[in-house]
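Let me begin by presenting the structure, written as structure tokens, before commenting on it.
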Amino acid sequence: MDHLLKQTVLVTGGAGFLGSHLCERLLELDYEVMCVDNFFTGNKQNIVHLLDHPFFEVVRHDITFPLYAEVDQIYNLACPASPVHYRRDPVQTTKTTVHGAINMLGLAKRLKARILQASTSEVYGDPEVHPQTEDYWGNVNPIGERSCYDEGKRCAETLFFDYYRQHALQIKVIRIFNTYGPRMHPYDGRVVSNFILQALQNRPITLYGDGSQTRSFCYVSDLIEGMIRMMESPDEITGPVNLGNPGEFTVRELAEMILDITASRSELVHEPLPSDDPVRRKPDITRAKDQLDWQPTVPLRQGLIKTIDYFEGLLSQGSLNGARNGMRILDA
Ligand code: NAD
Ligand code: UDP
Ligand code: UDP
């Protein structure tokens with residue numbers, strides 16, 4: 001494409017797990033990409049392979065501060081996404097979700113640019129409705145340890161819809177359910193990364209509680225496809241739209257599948273359930289199917305095999321991504 005005709009896309013949190021896959025895919029689709037990240041949980045290693053691309057640019061910037069740039073679309077992904085990370089600095093997490101959203105919405109307003117918000121299934125809290133549909137308002141503790149994230153993301157959605165009503169912004173809100181794949185942070189304490197590393201190292205697999213709580217796991221390539229389809233959808237589609245894999249597995253089933261693929265000698269051990277840990281979570285993706293003609297295609301086992309390959313690579317290199325920032329303590 002003639003570079004003068006290329007659309008420029010801003011990806012906040014572009015050096016993170018999802019952001020790096022999004023930047024990669026957008027470059028493949030012939031967009032010019034500006035990746036903005038403060039490297040709080042992201043890592044240069046995630047985007048190092050893109051640095052030589054002529055239409056890829058990285059800006060070290062914290063979105064809690066204003067940003068002036070000229071772009072056509074904004075994907076707002078910046079935010080620590082795992083409890084271990086956001087609890088390290090809960091106030092900064094709320095600032096990122098709320099001040100960050102205001103700044104990115106202000107930027108979109110000035111530019112008349114389309115803006116997509118990476119919201120989360122956490123807006124449903126510990127849900128009383130199962131599976132979760134977008135019209136369910138959620139069951140969220142406003143003062144707990146997860147609240148900085150859950151309430152911050154809820155407030156960001158409020159801001160998106162107020163900018164839509166008040167300033168006629170073109171908004172797109174997706175609610176992402178648990179997503180996994182290569183470039184997940186190895187020490188983010190998430191169930192997929194914990195279990196894979198434990199299995200590969202023949203260490204005990206830590207089941208929190210009795211392991212009967214359920215989650216749905218979406219492979220990263222499926223999620224990115226849904227995200228881009230949402231951004232490209234007609235103006236009237238604002239969301240919120242759930243994006244996730246409706247296949248529901250207990251945490252114990254996940255552990256057993258990982259043990260099987262890795263042929264690990266690890267044993268299962270039980271540890272206390274963290275506070276506010278949702279008992280069941282599964283997306284209803286009817287809206288995504290109807291409005292975006294999207295549904296996940298990668299089965300859990302196949303996605304796990306690719307993710308395990310990635311973690312094996314990290315282990316064989318002898319150094320794990322992002323082990324800096326003191327996150328190694330999580331897995332000591
Ligand atoms: P991640 O931690 O790998 O990526 C987040 C990125 O944002 C990191 O690169 C981090 O350095 C950057 N960042 C954080 N605060 C920032 C700030 N103030 N300014 C600029 N950059 C900042 O997490 P991820 O899993 O890639 O998640 C990306 C987005 O998707 C997040 O908004 C998260 O809430 C959302 N999400 C992810 C999942 C999932 O399963 N991965 C589920 C639901 C929602
Ligand atoms: N903003 C920004 N880049 C821009 C325009 C605005 O970062 O190109 C920020 C700025 O900090 C502002 C916020 O977005 O405070 C919200 O902008 P808006 O225009 O909605 O409100 P106001 O400028 O009146 O505060
Ligand atoms: N979990 C677990 N062992 C671990 C890490 C997590 O049993 O080593 C459980 C956790 O209690 C939760 C589920 O796995 O019920 C998913 O946890 P994760 O932090 O990955 O995601 P979230 O709770 O945000 O859905």
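- The environment of OH in Tyr164 is sparse: at most 12 heavy-atom neighbours from other residues, nucleotides or ligands sit within 6.0 Å.
- Contact check for Pro283 versus Ser121: no side-chain heavy atoms found under the 4.5 Å cut-off.
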Item to check | Step-by-step salt bridge (charged side-chain N to carboxylate O under 4.0 Å, His left out) determination, Asp72 to Lys6 | outcome: CA-CA 10 Å; Asp72 301 295; Lys6 269 184 190 284; over 6 Å; no

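- Considering only residues two or more places apart in sequence or on other chains, Asn245 meets the side chain to side chain contact (heavy atoms under 4.5 Å, CB included) condition with Cys218, Pro296.
- In terms of modelled atom types and a separation under 3.5 Å, the side chain of His85 and the main chain of Gly189 share no donor-acceptor contact.
- Asn139 places no side-chain N or O within 3.5 Å of a backbone atom of Gly125 that could act as its donor or acceptor partner.
- Annotation: side-chain hydrogen bond (donor to acceptor under 3.5 Å, both in side chains) contacts of Tyr208 (sequence neighbours excluded): none.
- Listed by chain and number, the residues in a side-chain hydrogen bond (donor to acceptor under 3.5 Å, both in side chains) with Asp260 are Arg301 (sequence neighbours excluded).
- Every residue two or more places apart in sequence or in another chain that forms a ring-ring contact (aromatic ring centres under 6.0 Å, His included) with Tyr180 is listed here: Tyr219.
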Can you give each donor-acceptor pair under 3.5 Å made by side-chain atoms of residues 50-59, sequence neighbours left out, with the distance rounded to 0.1 Å?
unit_1, atom_1, unit_2, atom_2, d
His53, ND1, Phe55, N, 3.0

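- Atoms CE and CG, from Met34 and Leu67 in turn, are 7.0 Å apart once rounded to the nearest 0.5 Å.
- Salt bridge annotation for Arg281-Glu122: present, with a cationic side-chain nitrogen under 4.0 angstrom from a carboxylate oxygen.
- For the pairing with Ser119, the side chain to side chain donor-acceptor pair (under 3.5 Å) check across Arg154, Glu157, Arg175, Lys153 returns one residue only, Glu157.
- Using bins of under 30°, 30° to 60° and over 60° for the plane-to-plane angle, the ring pair Tyr163/His167 lands in the tilted bin.
- With sequence neighbours excluded, the residues that form a side-chain hydrogen bond (donor to acceptor under 3.5 Å, both in side chains) with Ser20 are Arg183.
- Between Asp235 and Arg114, the closest side-chain pair of non-hydrogen atoms falls below 4.5 Å.
- Between the CD atom of Gln198 and the CG atom of Leu200 there is a distance of 10.5 Å, given to the nearest 0.5 Å.
- When side chains are defined from C-beta on, Asn46 does not count as touching Phe17, because their heavy atoms never get closer than 4.5 Å.
- Partners of Thr8 under the side-chain hydrogen bond (donor to acceptor under 3.5 Å, both in side chains) rule, at least two apart in sequence or in another chain, do not exist in this structure.
- Arg25 CZ to Glu28 CD: the interatomic distance, rounded to the nearest 0.5 Å, is 5.0 Å.
- Residues in residues 287-298 take part in these side chain to side chain donor-acceptor pair (under 3.5 Å) pairs, two or more places apart or across chains: Asp222-Thr297.
- Ala81 meets the side chain to side chain contact (heavy atoms under 4.5 Å, CB included) test with Tyr149; sequence neighbours excluded.
- Geometrically, Lys44 engages Phe39 in a cation-pi contact, judged by NZ or CZ lying under 6.0 Å from the ring centre and within 45° of the ring axis.
- A single hydrophobic cluster is seen to contain both Ile205 and Met257, as judged by linkage of ILVMFWY side chains at heavy-atom distances under 4.5 Å, directly or through other members.
- Taking the side chain as every heavy atom from C-beta outward, Ser266 and Leu259 approach each other to under 4.5 Å.
- Counting only heavy atoms from C-beta outward, the side chains of Val123 and Val140 never approach each other to under 4.5 Å.
- Residues that satisfy the side chain to side chain contact (heavy atoms under 4.5 Å, CB included) test with Arg110, not counting sequence neighbours, are Tyr68, Glu70, Leu107.
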Next on the checklist: Could you go through Asn242 and Tyr124, starting from their C-alpha distance and side-chain angles, then the distance that decides it, and tell me whether this counts as side-chain contact (heavy atoms from CB on, under 4.5 Å)?
Outcome noted: CA-CA 11 Å; Asn242 288 338; Tyr124 301 121; 2.8 Å; yes

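- Legend: residues meeting ring-ring contact (aromatic ring centres under 6.0 Å, His included) with His99, ordered by chain and number and at least two apart, are absent.
- Every side chain to side chain contact (heavy atoms under 4.5 Å, CB included) that Ser233 has, sequence neighbours left out, goes to Lys172, Met230, Ile237, Leu292.
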